Amino acid sequence: MKKLLISALIAGLPGVAMADAKGDEIAKLKAQLEALQAQMQQLQKAVNAATAAKAPEADDANTELKQRVAGMEMKVDKLTTDASEGPIAGLSVTGYLDPTYLYNRSGKSAGFQFVNHNSGYAYTNSTFGDVYLDIKKTFGVGPMAPSAEISILPNRGSGNTLLDGGGTNNIINTAMINFPVSDTTQLVAGLMNSFGGYEVQQSNQMNTITHGLLYDFSDPGSYVGAGFNWAHGAWATKFMIANEQFRTSANSVDTNNGKSANNTPSVTGRFDYTWSSALDIGGSANVGRQSLVAHTDASGNTDKTYGYQGTSSNPYSNYYFAELDATYTMTDGVLNAELDYGRQKQAAWNGGDAVWYGFSLLAHQKWNSDWFGRMGATLRYDYLNDSKNGGGGGGIALSSGTNSVTGGNYAGVDGTNGFGISQACYNDSVANGGTGTDCAGATRQALTAALLFYPTDQLTLKMEYRHDWANRDVFLRNDGNYRKSNDIFAAQAVYSF
């Protein structure tokens with residue numbers, strides 16, 4: 001009987017003592033502990049019954065078994081306490097790696113992009129090709145438990161590419177505190193992504209490799225501030241008061257009249273209405289003041305005027321943005337749509353108001369293939385008009401300088417991303433005594449096709465072809481000339497954990 005009971009006890013321990021009590025495994029651990037306690041209670045009853053039936057022969061075996069059971073109960077109690085109250089209680093660590101291969105026709109460049117610490121942000125080098133970690137700690141259980149969450153994207157995240165002008169060697173991508181005050185309302189504070197659009201930042205949640213034109217160049221970026229989230233029934237809202245986008249502190253610059261700081265907060269919010277189990281309709285808006293580019297004189301020195309033509313004595317101007325988006329989710333597919341409009345005072349190339357508007361459409365479908373197993377396909381079309389007053393505004397930054405290949409000058413153009421004024425128009429304007437301020441900006445379009453494969457639940461393989469074009473010669477080729485289009489091909493492996 002002694003061997004029988006000990007064998008039964010050992011068989012009932014499915015590695016509980018070695019269970020990994022972290023994150024989403026804590027619930028499983030608790031269930032195992034409860035089952036173990038029930039088994040030990042049954043064994044104790046068996047011991048008592050055996051003792052009553054045949055006490056003289058069973059004394060030694062029962063004493064040893066009772067000691068083992070008591071020791072196991074102590075271990076169970078400790079594991080239960082650690083799972084619910086210990087330092088790893090409520091802690092989860094998730095993330096992914098997404099090494100990417102990209103060929104760029106304009107630059108005649110090709111190669112792998114991974115943990116690339118070049119701080120320049122472009123549609124060919126945005127948030128992909130990095131290591132992403134999301135670390136979340138929940139203090140308690142249930143809807144009223146507060147939490148703190150940090151996401152780290154060391155090389156392609158907001159901290160390194162966009163915050164405070166980029167190149168800050170800041171590995172933090174987002175950092176948020178969530179404090180519930182009721183079942184429907186939470187107070188939030190910290191660094192978070194903007195509320196605009198249907199696209200997300202994380203590669204393991206995207207159905208393409210590159211982001212669309214609206215995500216990269218129209219929608220606002222990340223904010224530091226405080227606000228609240230509210231949800232009830234079919235409605236959900238977000239609201240935040242923050243610094244101007246991409247600033248971790250109040251921006252301050254030297255002007256001709258002394259020091260000037262942007263003390264005007266940005267106000268941003270979003271609503272979502274769940275029309276049905278499949279359809280979500282949402283929208284967001286932003287109002288505030290954003291920084292203007294510092295103007296430089298003929299010697300390249302800042303002259304303490306602002307805007308591309310130095311038409312403003314104030315380094316900040318009014319900024320307005322609004323968008324509507326919709327998501328229709330099917331069993332094996334999704335449809336997305338977005339419509340944007342933005343304006344910033346005196347932020348355009350010719351010194352006038354920058355105005356941009358556009359839309360994006362995306363369709364994604366999954367299916368099972370006999371040859372490749374689970375796979376999917378995505379088609380996305382983007383349109384972004386930035387022609388007014390020469391272009392600029394939003395996430396579009398224009399520049400000027402000397403062309404290192406041809407030796408000529410260029411101005412009012414972003415040759416990497418294909419925005420700004422035609423360089424042929426600029427050269428004609430200069431030849432006739434002008435400065436290029438009479439030229440219109442480019443209207444941009446992009447068509448993206450992607451093929452996805454899902455070998456395992458953790459691994460996604462993507463292949464993408466993308467064609468970008470404009471109505472003006474604004475894409476800089478490696479020979480120093482400008483053309484109206486560019487093509488890229490990319491492949492990516494995303495491993496989530």
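No hydrogens, no waters, no symmetry mates; every other heavy atom, side chains included, goes into these values. Please read these numbers as outputs of a predicted model, since none were measured by experiment.
Atom CG in Asn116 sits 5.0 Å away from atom CG in Asn125 (nearest 0.5 Å). Rounding to the nearest 0.5 Å gives a distance of 11.5 Å between OH of Tyr103 and CD1 of Ile488. The line from CG of Leu324 to CZ of Phe271 is 6.0 Å long, rounded to the nearest 0.5 Å. Atoms CZ and CZ, on Phe453 and Arg374 in that order, are 13.5 Å from each other to the nearest 0.5 Å. Annotation: the span from Leu452 atom CG to Asn207 atom CG amounts to 6.0 Å, rounded to 0.5 Å. Of the inter-residue distances, the one linking Asp340 atom CG with Phe359 atom CZ reads 11.5 Å to the nearest 0.5 angstrom.
Counting heavy atoms from C-beta outward, His295 and Thr305 have side chains that approach closer than 4.5 Å. Residues Ser203 and Tyr132 form no side-chain contact, since every pair of their non-hydrogen atoms from C-beta on lies 4.5 Å or further apart. Side chains of Val355 and Tyr341 form a contact here, defined as non-hydrogen atoms less than 4.5 Å apart. For the pair Leu384/Leu214, a side-chain contact is recorded, criterion being any heavy-atom separation below 4.5 Å from C-beta on. Residues Leu476 and Tyr410 fail the side-chain proximity criterion, which asks for heavy atoms closer than 4.5 Å. Within the 4.5 Å cutoff, side-chain heavy atoms of Thr443 are placed close to those of Tyr383. In this structure, Glu323 and Arg270 have side chains that are in contact, with non-hydrogen atoms separated by less than 4.5 Å. Counting only heavy atoms from C-beta outward, the side chains of Asn169 and Asn160 approach each other to under 4.5 Å.
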>> side-chain contact (heavy atoms from CB on, under 4.5 Å) for Thr255 and Tyr306? Distances and angles first, verdict last.
In response: CA-CA 9 Å; Thr255 68; Tyr306 301 90; 3.7 Å; yes
>> Determine whether Thr268 and Gln245 satisfy the following criterion, side-chain contact (heavy atoms from CB on, under 4.5 Å), listing intermediate values before the conclusion.
In response: CA-CA 10 Å; Thr268 178; Gln245 59 178 314; over 6 Å; no
> What do the steps show when you test Gln201 against Tyr215 for side-chain contact (heavy atoms from CB on, under 4.5 Å), and what is the final call?
Replying inline: CA-CA 9 Å; Gln201 182 187 56; Tyr215 180 95; 3.4 Å; yes
> Would Leu91 and Ile135 count as a side-chain contact (heavy atoms from CB on, under 4.5 Å) if you check the C-alpha gap in whole Å, the side-chain angles of each, and the deciding distance to 0.1 Å?
Replying inline: CA-CA 7 Å; Leu91 179 65; Ile135 305 167; 4.2 Å; yes
>> For a side chain to side chain donor-acceptor pair (under 3.5 Å) check, start with the C-alpha distance between Ser360 and Glu338, then their side-chain angles and the critical distance, and finish with the verdict.
In response: CA-CA 5 Å; Ser360 177; Glu338 180 181 347; 5.5 Å; no
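For Tyr328, the ring pair (Phe, Tyr, Trp, His ring centres under 6.0 Å) test picks out no residue, with sequence neighbours left out. Every residue meeting the side chain to side chain contact (heavy atoms under 4.5 Å, CB included) condition with Ser109, not counting sequence neighbours, appears here in chain and number order: Asn104. Among residues two or more places apart in sequence or in another chain, the side chain to side chain contact (heavy atoms under 4.5 Å, CB included) test is passed with Ala442 by Ala470, Asn471, Arg472, Val474.
With respect to Asp382 and Arg466, no salt bridge is recorded, no charged nitrogen being found less than 4.0 Å from a carboxylate O. With respect to Asp254 and Lys259, a salt bridge is recorded, a charged nitrogen being found less than 4.0 Å from a carboxylate O.
Lys345 places no side-chain N or O within donor-acceptor distance of the main-chain N or O of Ala354, the cut-off being under 3.5 Å. With hydrogens and angles ignored, the 3.5 Å screen pairs no side-chain donor or acceptor of Gln344 with any backbone N or O of Gly394. Judged by distance alone, with hydrogens and angles left aside, the side-chain atoms of Asn350 form no donor-acceptor pair with the main-chain N or O of Gly390 at under 3.5 Å. The closest donor-acceptor contact from the side chain of Asp130 to the backbone of Asn155 lies under 3.5 Å. Side-chain atoms of Asn385 come within 3.5 Å of backbone atoms of Ser387 as a donor-acceptor pair (strictly under, hydrogens ignored). Here the side chain of Asn389 pairs a donor or acceptor atom with the backbone of Asp353 at under 3.5 angstrom. Under the 3.5 Å distance criterion, the side-chain polar atoms of His364 are matched with a main-chain donor or acceptor of Ala377.
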In a table with atom names and distances, give each donor-acceptor pair under 3.5 Å that connects a side chain of residues 489-497 to protein atoms at least two apart or in another chain.
| from | atom 1 | to | atom 2 | distance (Å) |
| --- | --- | --- | --- | --- |
| Gln492 | NE2 | Asp98 | OD2 | 3.3 |
| Gln492 | NE2 | Thr100 | OG1 | 3.1 |
| Ser496 | OG | Asn204 | ND2 | 3.3 |

Determine all donor-acceptor pairs shorter than 3.5 Å in which one atom belongs to a side chain in residues 142-153; sequence neighbours excluded.
| from | atom 1 | to | atom 2 | distance (Å) |
| --- | --- | --- | --- | --- |
| Ser151 | OG | Asn173 | ND2 | 3.3 |
| Ser151 | OG | Thr174 | N | 3.2 |
| Ser151 | OG | Thr174 | OG1 | 2.4 |

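Around CG of Leu279, the count of heavy atoms belonging to other residues, nucleotides or ligands within 6.0 Å exceeds 12. With a 6.0 Å radius and a threshold of 12 heavy atoms from other residues, nucleotides or ligands, Asn256 has its CG atom above the threshold. More than 12 heavy atoms of other residues, nucleotides or ligands sit less than 6.0 Å from atom CZ of Phe239. Heavy atoms from other residues, nucleotides or ligands lying under 6.0 Å from CE of Met375 number more than 12.
A side-chain hydrogen bond (donor to acceptor under 3.5 Å, both in side chains) with Asn262 is found for exactly one of Glu244, Arg247, Gln290, namely Glu244. Exactly one of Leu213, Thr124, Leu447, Thr210 qualifies for a side chain to side chain contact (heavy atoms under 4.5 Å, CB included) with Asp468. That residue is Leu213. Test Asp216, Asn417, Thr416 against Tyr121 for side-chain hydrogen bond (donor to acceptor under 3.5 Å, both in side chains) and you get one pass: Asp216.
The shortest heavy-atom contact between Tyr198 and Leu362 is OH-CB, 3.6 Å. Taking both residues in full, the closest heavy atoms of Tyr123 and Asn486 are given as OH-ND2, 3.0 Å, listed atom of the first, atom of the second, then distance. Annotation for Ile209 and Phe128: closest pair O-CD2, 3.6 Å, computed over non-hydrogen atoms. Shortest non-hydrogen contact noted between Ile241 and Pro265 is CG2-CB, 3.7 Å. Minimum interatomic distance between Ile281 and Trp275 (heavy atoms only, all atoms of both residues): CD1-CE3, 3.9 Å. The two residues Tyr316 and Ser260 make their nearest non-hydrogen contact at OH-O, 3.2 Å.
Listed by first and then second residue, the side chain to side chain donor-acceptor pair (under 3.5 Å) pairs involving residues 219-235 are Tyr223-Asn286 (not counting sequence neighbours).
The aromatic rings of Trp356 and Phe321 lie parallel to each other, their planes meeting at an angle below 30°, with 60° marking the opposite boundary.
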